[in-house]
Structures are given as structure tokens and as C-alpha cells.
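Taking it in order: structure first as C-alpha cells, then the write-up.
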Amino acid sequence: MPDHIWSVFCSKGIVDSTSNNVSLINVIEELRLPVKATDITGPVLVPFEWALVSSWRRKDVDMPEHAEARVRIVGAHGHELGLGAIAVNLSEHIRSRTILRGLNLPLEGVGTQQFIVELQEE
């Protein structure tokens with residue numbers, strides 16, 4: 001099973017075709033909404049373009065790997081608000097990146113919202 005190195009929540013992830021480096025545009029550490037917390041009674045969808053950029057590598061550099069990653073968005077009150085799947089393909093390269101994109105961000109209450117990255121080997 002591949003190693004998950006890191007994931008970063010940002011507005012956009014761009015991979016340079018020449019250098020293969022990734023640029024993380026507007027890394028998001030905190031969101032402030034123009035509403036009072038008491039006005040939010042349940043989960044809401046915020047129209048907001050976002051990306052979760054993740055880096056992966058093979059456990060054994062000589063062994064090609066494939067896996068399915070699942071990303072769960074969990075709200076401040078512990079409810080699952082969203083789910084996404086991404087294929088992790090390390091058949092040709094030792095390292096790889098994946099970018100999960102969204103056009104709306106589900107939020108629940110005030111507090112820490114989590115992106116939980118889970119792997120399931122193929």
C-alpha cells in the first residue's frame with residue numbers, strides 16, 4: 001500500500017508540465033464566513049472552488065502500486081458532509097500527486113472541519 005506523504009487544502013493546485021513541480025495556490029488555513037454562527041442551523045454548502053492536493057510514494061521503490069484513496073469531509077459536529085475518491089497510480093513512477101477538486105465546500109457549524117484521507121489497496 002502506498003505511503004501518504006501530505007495533503008494540503010488550497011484554492012488550486014497546478015502541476016508545471018516542464019518541471020513536474022506543483023504550485024499550491026492560496027493554501028487555506030482558516031475560512032471566515034460573513035454570517036453569524038447562530039444563523040447556521042445545519043450543514044451548508046459554500047460556493048467556493050477548492051482543491052485537496054496529496055503526495056504519495058511507493059513503500060517499496062521496486063514494486064509498482066495502485067490504490068484507491070477516499071477523502072471524507074467531516075464537519076465540526078462530527079457528521080460526514082462529503083465523500084470523494086481518487087485513484088493513486090504508482091505503476092510507472094515512485095512518487096505521485098493527486099488533486100481532488102470541488103466547486104462547493106460543505107461546512108457544519110463553527111470549529112474544525114476535517115479532510116480525512118483513507119487508503120484502500122486495489
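Note that the numbering runs from 1 along the sequence shown for the chain.
No continuous path of ILVMFWY side-chain contacts below 4.5 Å connects Leu103 to Val46, so the two sit in separate hydrophobic clusters. No chain of hydrophobic side-chain contacts below 4.5 Å, direct or via other Ile, Leu, Val, Met, Phe, Trp or Tyr residues, connects Leu24 to Trp56. Put simply, Val53 and Ile25 are part of two different groups of oily side chains (I, L, V, M, F, W, Y) that touch within less than 4.5 Å, one to the next. A continuous path of hydrophobic side-chain contacts links Val22 to Ile5 [ILVMFWY only; heavy atoms under 4.5 Å]. Both Leu100 and Phe48 are assigned to one and the same hydrophobic cluster, defined by single-linkage of ILVMFWY side chains at heavy-atom distances under 4.5 Å.
Other residues, nucleotides and ligands place more than 12 heavy atoms under 6.0 Å from the NE2 atom of His77. Within 6.0 Å of atom CZ in Arg72, more than 12 heavy atoms from other residues, nucleotides or ligands are found, so the atom counts as buried in its surroundings. Around CD of Glu49, the count of heavy atoms belonging to other residues, nucleotides or ligands within 6.0 Å does not exceed 12.
Side-chain contact check for Lys12 versus Asn26: every heavy-atom pair is 4.5 Å or farther apart. Put simply, the side chain of Glu118 does not reach to within 4.5 Å of the side chain of Gln120, judged on heavy atoms. With contacts defined as side-chain heavy-atom distances shorter than 4.5 Å, the pair Trp50/Leu31 does not qualify.
Judged as a side-chain hydrogen bond (donor to acceptor under 3.5 Å, both in side chains), and not counting sequence neighbours, the contacts of Arg97 are Asn20.
For the side chain to side chain contact (heavy atoms under 4.5 Å, CB included) test with Leu45, the passing option among Leu107, Asn104, Leu105 is Asn104; the others fail.
Listed for the Arg58 side chain is a donor-acceptor partner under 3.5 Å among the backbone atoms of His93.
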